[in-house]
Amino acid sequence: MLQLQAIRESKNEFITALKKRNIDAEPLLNKAIALDDKRRETQTKLDSTLAESNSLSKEIGILFKTGKAQEANVLKEKTGILKEESKVLNDALTTVTEELQSLLYQIPNIPHASVPAGNTDEDNEEIFSEGDIPKLVTNALPHWELAKKYDIIDFELGVKVTGAGFPVYKGKGARLQRALISYFLDKNTEAGYTEMQVPHLVNEASGFGTGQLPDKEGQMYHVGEDDLYLIPTAEVPVTNLFRGEILKEEQFPLCYTAYTPCFRREAGSYGAHVRGLNRLHQFDKVEIVRVEHPSNSFKALEGMVEHVKTILRELKLPYRVLRLCGGDLGFTSVLTYDFEVFSTAQDRWLEISSVSNFEAYQSNRLKLRFKDKDGKRKFAHTLNGSSLALPRVLAGILENYQVEDGIEIPEVLIPYCGFSKID
RNA sequence: GGAGAAAUGGCAGAGUGGUCGAAUGCGGCAGUCUUGAAAACUGUUGAGGGUCACACCUCCGGGGGUUCGAAUCCCUCUUUCUCCGCCA
């Protein structure tokens with residue numbers, strides 16, 4: 001959520017920047033300022049009404065104590081009127097505050113200067129690529145065929161137990177999954193991230209804190225009976241660990257990593273691009289989350305990008321890094337880098353990581369602040385990234401490492417798997 | 001799931017209708033003393049709104065109510081603890 005003060009100070013810059021998201025923000029921002037003016041005005045009126053009422057109450061107390069009941073009763077009538085007034089004003093304040101709040105929820109974050117304008121993923125900007133695209137054997141198979149051939153992932157079993165998009169990993173497939181999780185967590189730990197195990201269900205307040213609610217309600221599974229949401233990413237529980245906190249400056253940076261399954265309804269997705277592991281309702285992901293001093297958040301973002309690169313380099317997967325354009329940028333993000341691995345057998349790029357800086361947008365919702373040297377409270381910056389999402393990494397490995405008589409295991413994973421080939 | 005108890009500032013813990021935004025202790029910060037540190041002593045120390053700055057307003061788990069006036073009384077929800085039951 002944007003800060004009112006920032007909107008007031010930088011309205012024109014915000015309007016220009018939000019054009020990159022193809023949004024005409026001018027009416028929204030003007031309305032926000034107008035509502036805030038109204039809110040302040042109402043608040044001031046209410047305050048002075050309450051102040052008058054408070055001082056009268058004190059007088060009444062004194063009058064009763066000194067036995068002047070008659071005079072007290074005269075004042076009581078006055079406070080009665082003030083009470084009516086303050087009730088009306090209080091209702092008006094509630095209304096305008098809620099209106100302002102829901103308006104602010106509708107305004108996305110301001111894209112960074114480096115974010116290219118654009119509408120779709122076609123307009124994303126490739127900024128880096130690495131790794132050779134392997135020459136595969138003739139009759140190379142896509143991962144869903146390989147999964148069947150070597151009996152390591154069973155999509156039909158998942159359909160039987162739950163439904164489409166809930167695969168069952170079997171034997172070496174399951175072991176490879178577990179190996180990847182351990183490997184990612186170890187790499188993140190090495191890089192200074194503290195491993196956490198967090199709940200896989202969150203309450204409504206957490207959904208609001210990181211921005212999944214109110215907009216993306218339909219993307220999360222909701223347990224109505226207990227009013228809880230299945231997490232779509234570890235970002236939600238991990239970032240919300242710090243909801244409402246006031247940090248000390250010397251606590252920065254806070255760096256955490258967590259493995260969780262992720263649950264996404266993916267309403268409306270269909271077609272060839274969602275075959276196999278390409279798009280699932282439940283998948284595994286290892287996430288990294290940072291809470292940073294505002295002066296360091298972009299440096300931290302670059303550091304996260306470099307960190308993810310080292311992992312892909314070790315896995316020897318061909319990948320590229322994209323800077324997302326305004327139209328593709330997530331609602332709460334200022335700047336996002338997507339990592340894509342090349343799926344040779346499908347002849348397409350698969351997104352495997354998304355690394356973002358949210359600046360103060362989430363912090364404002366979370367009320368995640370720190371005290372600076374002058375003792376002033378300011379919003380911290382939050383960042384997160386996948387390091388990494390499992391299914392498409394797995395797809396990339398299966399497809400790119402396939403040989404005539406099986407699938408080889410990337411060298412760094414062999415100690416984790418306990419085998420070097422799937423056959 | 002049943003029965004009971006509780007929820008107060010960073011923490012501990014007073015406060016049961018009227019200068020209570022809240023005693024006291026610990027912790028934090030600043031200072032005195034000291035070569036330095038510790039100890040001791042003195043001062044200071046919650047959050048939000050509002051203001052140029054004050055004033056002022058709101059907040060004692062959340063919401064609602066009674067009252068001129070609520071941390072304090074009533075209703076309700078949530079959470080925690082104890083006991084019983086069930087259970088990986």
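We name chains A, B, ... by the order of the sequence lines, and we start the count at 1 in each one.
Residue-level contact check: A:K367 touches neither bases nor backbone, having no heavy atom under 4.0 Å from any strand.
Qualifying side-chain contact (heavy atoms from CB on, under 4.5 Å) partners for A:K149, counting only residues two or more places apart in sequence or in other chains: A:L141. The side-chain contact (heavy atoms from CB on, under 4.5 Å) check on A:E52 picks up A:L82, with sequence neighbours excluded. For A:A205, the side-chain contact (heavy atoms from CB on, under 4.5 Å) partners at least two apart in sequence or on another chain are A:N203, A:R243. Annotation: ring pair (Phe, Tyr, Trp, His ring centres under 6.0 Å) contacts of A:Y256 (sequence neighbours excluded): A:F242. For A:D24, the salt bridge (charged side-chain N to carboxylate O under 4.0 Å, His left out) test picks out no residue, with sequence neighbours left out. Legend: residues meeting side-chain contact (heavy atoms from CB on, under 4.5 Å) with A:S114, ordered by chain and number and at least two apart, are A:H112, A:R323, A:L335.
Within residues 77-84 of chain A, the residues having any heavy atom under 4.0 Å from RNA chain B are, by residue number, A:T79, A:K83. Residues of residues 196-211 of chain A that place a heavy atom closer than 4.0 Å to RNA chain B do not occur. Contacts of residues 37-47 of chain A with RNA chain B (heavy atom under 4.0 Å): A:R39, A:R40, A:Q43, A:D47.
Ionic pairing of A:K187 and A:E314 is present here: one or more N-O contacts between side-chain nitrogen and carboxylate oxygen are shorter than 4.0 angstrom.
Among pairs with a residue in residues 163-178 of chain A, those fulfilling side-chain hydrogen bond (donor to acceptor under 3.5 Å, both in side chains) read A:D151-A:K170, A:D154-A:K170, A:Q177-A:D284, at least two apart in sequence or across chains. Residue pairs meeting the ring pair (Phe, Tyr, Trp, His ring centres under 6.0 Å) criterion with at least one member in residues 176-208 of chain A, sequence neighbours excluded: A:Y105-A:F208, A:Y183-A:Y416, A:Y193-A:H307.
Where RNA chain B meets chain A (any atom under 4.0 Å from a heavy atom), the bounding nucleotides read 5' to 3' are B:G18 to B:G69.
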